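The next block holds one structure in the form of structure tokens; read it before the comments.
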Amino acid sequence: MSTFSPSATKIRFVVGAVGIAGAFFLPWWVPLVCMIGLALRYPAWEVLFIGLVMDLLWLPGQGFEVPVFLITGIALVWVCAPLRNQFLRP
């Protein structure tokens, strides 16, 4: 009897792909949930990329706007690093 146990790389890829696709096709909170999940579990550069894609797609092109999702992604990766190191050590 074998059970399917996906590797961490596959899960990371799927969540990152959902976050990037969510930036194009889903509500704003779906990429945000993916960003939070990735930042909590992995030291993921995907979080920054999802934030950049969200800001490039949704910021208006008039004047200077604050890149909210990119700043949120940087903060998530930075804040969640000690939590990952403390609670998710292999």
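Quick note: numbers below take in every heavy atom, side chains included, and nothing from hydrogens, waters or symmetry partners. Keep in mind that this is a model prediction, so the values were computed, not measured. Each residue takes its place number in the sequence, starting with 1.
Sorted pairs that involve residues 25-38 and meet side chain to side chain donor-acceptor pair (under 3.5 Å), not counting sequence neighbours, are lacking altogether. Residue pairs meeting the salt bridge (charged side-chain N to carboxylate O under 4.0 Å, His left out) criterion with at least one member in residues 52-61: none, sequence neighbours excluded. Residue pairs meeting the salt bridge (charged side-chain N to carboxylate O under 4.0 Å, His left out) criterion with at least one member in residues 16-35, sequence neighbours excluded, do not occur.
Its side chain outside the 4.5 Å cluster rule for every partner, L59 clusters with none of the Ile, Leu, Val, Met, Phe, Trp and Tyr residues.
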Derivation and outcome, side chain to side chain contact (heavy atoms under 4.5 Å, CB included), residues F24 and V53: CA-CA 9 Å; F24 289 98; V53 168; 4.1 Å; yes
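Taking all atoms of both residues into account, the shortest heavy-atom contact from P31 to G22 is CG-C, 3.6 Å.
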Which atom pairs, one a donor and one an acceptor, fall under 3.5 Å between side chains of residues 12-20 and the rest of the protein, sequence neighbours left out?
residue	atom	partner	partner atom	Å
R12	NE	E46	OE1	3.3
R12	NE	E46	OE2	3.0
R12	NH2	E46	OE1	3.2

Side chains of residues 68-83: which donor-acceptor partners sit under 3.5 Å, not counting sequence neighbours?
residue	atom	partner	partner atom	Å
T72	OG1	V68	O	2.7

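Distance CE/M35 to CG/L48: 7.5 Å, rounded to 0.5 Å.
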